[in-house]
Each structure stands twice: as structure tokens, then as C-alpha cells.
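Notes follow once the structure below has been shown.
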Amino acid sequence: MAVSYWLMKTEPNTYSIDDLSSDPDQKTCWEGVRNYQARNLMRDEFEVGDRVLFYHSACAEPAVVGTAKVVRAGYPDHHAWDKRSNYFDAKSTPENPRWFMVDIQLDTKFAQPVKLATMRAEPKLEGMELLRKGSRLSVQPVRKQEFDWILKLAKQLAK
DNA sequence: GCCAACGTTGGC
DNA sequence: GCCAACGTTGGC
């Protein structure tokens, strides 16, 4: 099965790439996604070995800050049935889970972030979902060539 | 803090 | 099923 490419947004105030870096095994579960489109992707499309662009949003410098790998495919987000969790949803139960998540593991943290502004200026990235006006999907597919180009930009910036 | 874009809710 | 009201996202 072919590897797929994704972009996942997180607010660094809540959970940054440095948080991922300091988690055990540099792994985390991607809990709390409460959007059906994003859920469907994680539940149905994500596979172990897929590659992820780790994106910081809603912050001073929105940017792709590194990459991660999918280490566990979609499974129910149990936070949804934990009343004490911020992500609690009474309509989700263990018998009939409504929300799903995946596990990811840090691959690389970029020496320099690839900023949103930089990406906007790149003709090669023109078709990217992230750059679409009004796009706010927190889990979104990325084309291989886009993924590769962003890695290339990160390398150039590191020099 | 502003505001455009989008998703969800709920009355009808 | 329509659509107004509301809440959220996220760049600026």
C-alpha cells in the first residue's frame, strides 16, 4: 500500500513540536479532533507509515515546523467519553464511538520553520489545501510533491 | 482584537 | 430540507 501524506495543525500554546519531542518515545495520540471531515480521514485513510507535516497554527508565526510518522492507524478517541476531558462528547460512547484519532511519532524537527508566508510565495505549492482561502481543516491531505518541496525548503533554510 | 470563512444547530 | 443564528478557526 502506498504511503500517504498529511498535514496536521496544532496550536503551539496547547501542544507544540517541542512537546512532541519531549513525550515518551516522541509519540502522541492526536486526540480532540471534532470535525467530521478530519475524523473521516483519520478513521478511514491514515495508515501506519504515512508521513505528516507538523504545523503550528493560531500563533505569531504559522509554519510547518517538522515532520512525523503515523505509528497507529485510526482508533476511537476515548477522551470523548471521559467526562473530565475537555474533549468530552456525550454522544460518543465506547459501544458507538463518534470520534477517532491516530498516533504519530516525531520524525524530524526542522532547524528553521517553513513559514506560511514562505509557502504562499512558492509557485510549486499553489494548489495546497492549506493555502486555500478559508481553509481551516485541521487534518488535511498533502500531495507527495508538496511534501517533498517543503522538505526541500526546510533544507535550504537550514543552510 | 478584528473579521472572514466555515461548520453545526435547531426552529420551522 | 431550508436557513438564520451561533460558535469556532486562524490569519492578520
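Letters A, B, ... mirror the listed sequences (proteins, then strands); counts begin at 1.
- Centroid-to-centroid, the aromatic rings of A/Trp30 and A/Phe46 stay 6.0 Å apart or farther.
- For the pair A/Met119 CE and C/dC12 C1', the interatomic distance rounds to 17 Å; values are reported in whole Å.
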Under 3.5 Å between N/O atoms: give me all the protein pairs with nucleotides 3-9 of chain C, atom names plus distance.
unit_1 : atom_1 : unit_2   : atom_2 : d
C/dT8  : O2     : A/Arg136 : NH1    : 2.8

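- Contacts of residues 88-100 of chain A with DNA chain B (heavy atom under 4.0 Å): none.
- Computed from coordinates, the A/Arg120 CZ to C/dG11 C1' distance equals 8 Å when rounded to whole Å.
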Stepwise salt bridge (charged side-chain N to carboxylate O under 4.0 Å, His left out) test for A/Arg39 and A/Asp77:
CA-CA 10 Å; A/Arg39 176 206 65 181; A/Asp77 180 352; over 6 Å; no

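- Taking the side chain as every heavy atom from C-beta outward, A/Tyr87 and A/Glu31 approach each other to under 4.5 Å.
- The backbone N or O of A/Leu131 lies less than 3.5 Å from no partner atom in the side chain of A/Ser135, so there is not a single donor-acceptor pair.
- Annotation: side chain of A/Glu122 is not in contact with side chain of A/Glu146 (no heavy-atom distance under 4.5 Å).
- Remark: of the listed residues A/Tyr36, A/Trp81, A/Phe88, A/Tyr36 is the sole one forming a ring-ring contact (aromatic ring centres under 6.0 Å, His included) with A/Trp99.
- For A/Arg72 and A/Tyr75, the positive end sits near the middle of the six-membered ring, less than 6.0 Å away and at most 45° from its axis.
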Mind running salt bridge (charged side-chain N to carboxylate O under 4.0 Å, His left out) on A/Asp89 and A/Lys91 for me, showing each step along the way?
CA-CA 5 Å; A/Asp89 178 353; A/Lys91 291 176 183 154; 5.9 Å; no

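- Within 4.0 Å (heavy atoms only), A/Arg34 reaches no atom of the nucleic acid at all.
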